[in-house]
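Scope of the values below: all heavy atoms of this structure, side chains included, with no hydrogens, waters or symmetry mates.
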Amino acid sequence: MTSPTATVVRLKLALLRNGLRQSGGRRAAFVASAVVALLFALSQLAGLILLRGRPHADVVAVIGTAVLALGWAVLPLFFPTGDETLDPTRLVLLPLHPRPLVRALLAASLVGIGPLFTLLVLTGCALALAHGPAGYAVAVAAVALALLVCVALARAVAAANVRLLTSRRGRDLAVLSGLVIAIGAQLVNFGAQRLGSAGLEPLRPAADVLTWVPPASAIGAVRSASEGAYGVAAGQLAVSLAGLALLLAAWARSLTRLMTAPDGSTLQPLDAPARDRSGTAGPARLLPGGRTGTVMERSLRYIWRDPKTKAAWVTSLAIGLIVPVFNAVQGTGSIYFACFAAGMLGIQMYNQFGQDTSAFWMVAMTVSSARDAYAELRGRALALLLVTLPYAVLVTVLTTSLLDAWARLPEALGLSFALLGAMLATGAWTSARFPYSIPQEGHKNVAPGQAGLAWIAIFGGMVAAALLCSPVIALTIWLHVTADGAARAWLLLPAGTGYGAALTLLGLRLAAPRTAARLPEILTAVSKG
């Protein structure tokens, strides 16, 4: 049997070429992303080369290699549709054995912008540490070995989770990307500030450990060989080589299972008990009766089950907690940063009908008057409050404890509740006035041609909410500038709570008639995706 490597590589090139032929916009996006990635990689290469001879060059090179490997491991989980060849189940019907297929897919994986970017960065890491003929000789082998480990790691992880990633429910794993990105950005910011004052020396212990963890151990071997420690260099290269062998074995085992075992995710057990639909079960029993409870349950199910809605909520929950807490930990925070929690979740009230997409017609069939529209909007607002109110209290109390500013807890809660009420009011109105569709496929959150509506709805509504909160903000400022105002700051809690509740009720009342009158326009707008 001839090797399928050349055929699979040509297949990968054909996929790339045919994908670029689909549209000029796709070609432009590919070229732009390739240019940006290559320019960034070349700048990293130049920067790493400039580190030659510096005291902590090995720390940067070793940890940088480990971070690259981590990226290769997790990106296939967050973006499973980014590379069609990541799904080996497409080749199940072909007469291919797993081990030749592993070699073919490994070679095909080296084609693309990602491998080229990684190759340039790894080359910079190796050149930053290489000195003398032995160092350069080991650098060549180390770069190739580290690149193969990164690619094999990505493929092994993808193959082990391909059933999950290609299923409808499994794609919900991508919503974690928002949380990881939000937390990762703040962690990088926090770490950079700490390193800016302490230098790279605190990372030395971590770098020493990573020099024996593949693929960073391959880059560590370059330093060992340059210093004359040839035995240590050989051991570090052996560790990376063993890691590559284990990854290839795990990958081959996953391919064998995928190509011989049935897909259990689509099989139902014969003895599975029938689901009881005679009544409402679980926490849903605690919801109020009538249309209000039905709308609340439907909205909460969207949050839990719909990938796009879940992604928006996960990102808002993460940022609403991270911004105040991280700033408080760094000593640069303010008690007013706790309002981020209410603000980020209040955004979820905007475009309430867009998250229904074409299924909104079933809701529209039940709305025949402003009274029905008010009940619909009220149920959606109460579902949002069910999550937002305790979350805002939790974030505010946590921020207050970190800043040790318990005397200002009532005013922070009052401002948060007032802001939340203002955003619920403006969100209900903009949902009826500026609805837009949210595509169910891909990573876009706005259908083509509706970006202007989205900008008006979200940012216009946020500006209006800020203006509506101005009385509470003015009261806060007045209490702080008066002589005995600090002693009466607790009044902001009931004042802000009452004001926010009044704004919510007023906003729902004003939005209900407009919603009932514009049902055909809303249905047309939200069904475009």
Worked verdict on Leu38 versus Phe117 for side-chain contact (heavy atoms from CB on, under 4.5 Å): CA-CA 6 Å; Leu38 290 178; Phe117 174 89; 5.8 Å; no

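- Across every non-hydrogen atom of Val9 and Ala108, the tightest pair is CG2-N, 3.9 Å.
- In this structure, Pro435 and Ser431 approach most closely via the heavy-atom pair CB-O, 3.5 Å.
- Here Phe340 contributes atom CZ and Ile319 contributes atom CD1; the two are 9.0 Å apart, rounded to the nearest 0.5 Å.
- Judged as a side-chain contact (heavy atoms from CB on, under 4.5 Å), and not counting sequence neighbours, the contacts of Pro214 are Ser217, Val239, Ser240.
- For Val209, there are no side-chain contact (heavy atoms from CB on, under 4.5 Å) partners, not counting sequence neighbours.
- By the side-chain hydrogen bond (donor to acceptor under 3.5 Å, both in side chains) test, Ser316 pairs with Gln348, sequence neighbours left out.
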Leu386 and Leu287: CA distance, side-chain angles, deciding distance, side-chain contact (heavy atoms from CB on, under 4.5 Å) verdict: CA-CA 10 Å; Leu386 193 63; Leu287 299 177; 4.2 Å; yes

Please step through side-chain contact (heavy atoms from CB on, under 4.5 Å) for the pair Leu105 and Trp251, ending with a clear verdict. CA-CA 11 Å; Leu105 289 177; Trp251 186 9; 3.6 Å; yes

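- Closest non-hydrogen pair, Val387 versus Trp313, comes out as CG1-CZ3, 3.7 Å.
- Note on residues 53-74: pairs passing salt bridge (Lys or Arg N to Asp or Glu O under 4.0 Å), not counting sequence neighbours, are Asp58-Arg204, Asp58-Arg223.
- Checked against ring pair (Phe, Tyr, Trp, His ring centres under 6.0 Å), Phe360 has the following partners two or more places apart in sequence or in another chain: Phe353.
- Taking each heavy atom of Gly320 and Val395 in turn, the nearest pair found is O-CG1, 3.7 Å.
- The neighbour count for Trp361 CH2, taken as heavy atoms of other residues, nucleotides or ligands under 6.0 Å away, does not exceed 12.
- Shown are Val213, Leu210, Val222; of these, the side chain to side chain contact (heavy atoms under 4.5 Å, CB included) with Val62 is made only by Leu210.
- Contacts of Thr399 classified as side-chain hydrogen bond (donor to acceptor under 3.5 Å, both in side chains), with partners at least two apart in sequence or in another chain: none.
- Contact record, Ala73 with Val157: O-CG1, 3.5 Å, taken as the closest heavy-atom pair.
- Checked against side-chain contact (heavy atoms from CB on, under 4.5 Å), Ala104 has the following partners two or more places apart in sequence or in another chain: Pro4, Thr5, Val8.
- Sorted by first and then second residue, the pairs that involve residues 230-239 and meet side-chain hydrogen bond (donor to acceptor under 3.5 Å, both in side chains), not counting sequence neighbours, are Ser224-Gln236.
- For Tyr302 against Ala359, the heavy-atom pair with the smallest separation is OH-CB, 4.5 Å.
- Annotation: side-chain contact (heavy atoms from CB on, under 4.5 Å) contacts of Leu148 (sequence neighbours excluded): Leu106, Leu110, Leu244.
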Would you tabulate the side-chain donor-acceptor contacts of residues 120-140 under 3.5 Å, counting partners in other chains and residues two or more places apart, or write 'none'?
residue: Thr123; atom: OG1; partner: Leu119; partner atom: O; Å: 2.7
residue: Tyr136; atom: OH; partner: Arg52; partner atom: NH1; Å: 3.4
residue: Tyr136; atom: OH; partner: Arg52; partner atom: NH2; Å: 3.4

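- In this view, Asp356 and Arg380 satisfy the salt bridge (Lys or Arg N to Asp or Glu O under 4.0 Å) rule, not counting sequence neighbours.
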